[in-house]
Protein chains: 2
Amino acid sequence: MPKKREKEKKNGPSRPGLRGRVWMDGPEGTFFGHGRAVLLERIIEHGSITKAAKSMDMAYRHAWDLVDSMNRQAKEPFVEVATGGKGGGGARVTKAGEQAIKMFWRFHKDLQAFLKREEKKLRL
Amino acid sequence: MPKKREKEKKNGPSRPGLRGRVWMDGPEGTFFGHGRAVLLERIIEHGSITKAAKSMDMAYRHAWDLVDSMNRQAKEPFVEVATGGKGGGGARVTKAGEQAIKMFWRFHKDLQAFLKREEKKLRL
DNA sequence: GAGCGTAATATAGCTGAGGGAATAACGGGT
DNA sequence: ACCCGTTATTCCCTCAGCTATATTACGCTC
């Protein structure tokens with residue numbers, strides 16, 4: 001029977017061409033990248049880790065680990081969290097977190113431009 | 001008991017900073033990247049898939065899959081292979097394969113320069 | 001203090017990628 | 001005909017990343 005969430009791995013045959021990724025490393029390894037940037041944006045949008053995780057089909061456990069990893073490695077926390085209280089609590093992205101998001105998307109954009117330039121040198 | 005090969009995953013705490021990767025996609029997905037470039041170089045060096053795989057602590061099965069994947073996606077094969085015969089056979093990297101190696105390292109080098117430039121904009 | 005919805009934590013299960021080992025096929029040398 | 005070392009193929013195992021589920025802690029509101 002069709003489960004609620006189908007998950008359909010996007011392994012579709014991608015167009016041939018040059019591809020790339022950027023991320024930032026921290027003291028413990030990966031510190032900030034595409035997935036974490038999106039997660040933070042969803043937290044801003046929804047105000048909670050639970051809803052943010054659901055909205056991107058991610059297990060809460062995994063989302064919490066990512067948030068925890070960022071907060072441990074950043075000088076100032078990227079996410080402030082409240083347990084209990086009005087509505088049961090919630091999560092809020094700090095200024096530092098917002099800056100990280102902006103910085104990442106800038107790197108991401110620059111990389112796409114770089115790839116487009118380099119791809120002209122490509123002959124398969 | 002201590003196994004023969006310990007495999008020690010290099011998850012060491014990396015220096016904080018900007019990191020990145022480039023690769024080429026083909027009709028079936030990943031077509032050429034860092035690992036495959038090194039593999040081809042080892043095949044040139046040793047003249048066989050078996051020895052190349054051993055030299056980089058990779059299972060023959062995996063190495064063969066990578067070679068097969070490249071040969072299926074490339075217009076001209078990157079590796080020509082001989083089973084049986086003198087010395088049991090062997091593998092040889094074609095001109096097309098050598099060109100792919102050169103092209104990849106060029107992209108790789110350009111990316112490193114790009115990352116170094118971009119990293120100046122980074123503030124953790 | 002009961003209810004509520006969230007964070008936080010623990011535990012077990014799933015799954016895909018890769019590893020290890022075993023075996024057959026191959027073909028020139030001797 | 002046999003030996004040899006490699007390619008090619010098969011089967012099973014392990015491990016990590018992530019999922020799924022359940023339970024507890026929390027603190028505001030009523």
In whole angstroms, how far is the P atom of dG17(D) from the CE atom of Met58(A)?
14 Å
Protein-proximity profile, nucleotides 25-30 of chain D, B/S/- by nucleotide at the 4.0 Å heavy-atom cutoff, equals -BBS--
d(CG, Asp65(B); P, dG20(C)) in whole Å:
14 Å
Output all residues satisfying side-chain hydrogen bond (donor to acceptor under 3.5 Å, both in side chains) with Asp25(B), sequence neighbours left out; order by chain, then residue number.
Ser14(A), Trp23(B)
For Arg92(B) and dT7(D), give me the distance from atom CZ to atom C1', rounded to whole Å.
17 Å
Less than 4.5 Å apart, any side-chain heavy atom of Lys51(A) and any of Ser55(A)?
no
Expressed as a whole number of angstroms, how long is the span from Met56(B):CE to dG18(C):P?
12 Å
Please output the side-chain donor-acceptor pairs of residues 77-87 of chain A that fall under 3.5 Å, not counting sequence neighbours, one pair per line with the distance.
from, atom 1, to, atom 2, distance (Å)
Glu80(A), OE1, Arg92(A), NH1, 2.6

Can you list every pair that meets ring pair (Phe, Tyr, Trp, His ring centres under 6.0 Å) and has a residue in residues 80-102 of chain A, with sequence neighbours left out?
none
Check the distance between dA22(D)'s P and Tyr60(A)'s OH and give it to me in whole angstrom.
17 Å
Once salt bridge (Lys or Arg N to Asp or Glu O under 4.0 Å) is applied, do any residues pair with Arg61(A), and if so which ones, sequence neighbours excluded?
Asp65(A)
Which heavy-atom pair separates Met24(A) from Leu122(B) by the least distance, and what is that distance?
SD-CD1, 3.7 Å
Sub-4.0 Å heavy-atom contacts from residues 30-50 of chain B onto DNA chain D, ordered by number
Ser48(B), Ile49(B), Thr50(B)
Strictly by salt bridge (Lys or Arg N to Asp or Glu O under 4.0 Å), give each pair with a member in residues 29-50 of chain B just once, sequence neighbours left out.
none
In chain order, what residues pass the ring-ring contact (aromatic ring centres under 6.0 Å, His included) check against His62(B), with sequence neighbours excluded?
none
Trp64(B) CH2 - dA25(C) P separation (whole Å)
16 Å
Expected output is a numbered-order residue list: members of residues 69-82 of chain B with a heavy atom under 4.0 Å from any atom of DNA chain D. What is it?
Val81(B), Ala82(B)
May I have all residue pairs that pass salt bridge (Lys or Arg N to Asp or Glu O under 4.0 Å) and include part of residues 99-111 of chain A, sequence neighbours excluded?
Asp110(A)-Lys121(B)
To the nearest angstrom, the CG-C1' distance between Asp68(B) and dG18(C) comes to 16 Å
Using the test ring-ring contact (aromatic ring centres under 6.0 Å, His included), find all partners of Phe107(A) that sit at least two apart in sequence or belong to another chain.
none
Within this structure, what is the CG-to-C1' distance between Asp57(A) and dC18(D), rounded to whole angstrom?
13 Å
Out of dG18(C), dT19(D), dA7(C), which nucleotide sits closest to the side chain of His62(B)?
dG18(C)
Those residues at least two apart in sequence (or on a different chain) that pass ring-ring contact (aromatic ring centres under 6.0 Å, His included) with His46(A) are none
Hey, is the side chain of Arg61(A) pairing donor to acceptor with the base of dT21(D) inside 3.5 Å?
no
Among dT6(D), dA7(C), dG19(C), the one nearest Ala91(A) by side-chain distance:
dA7(C)
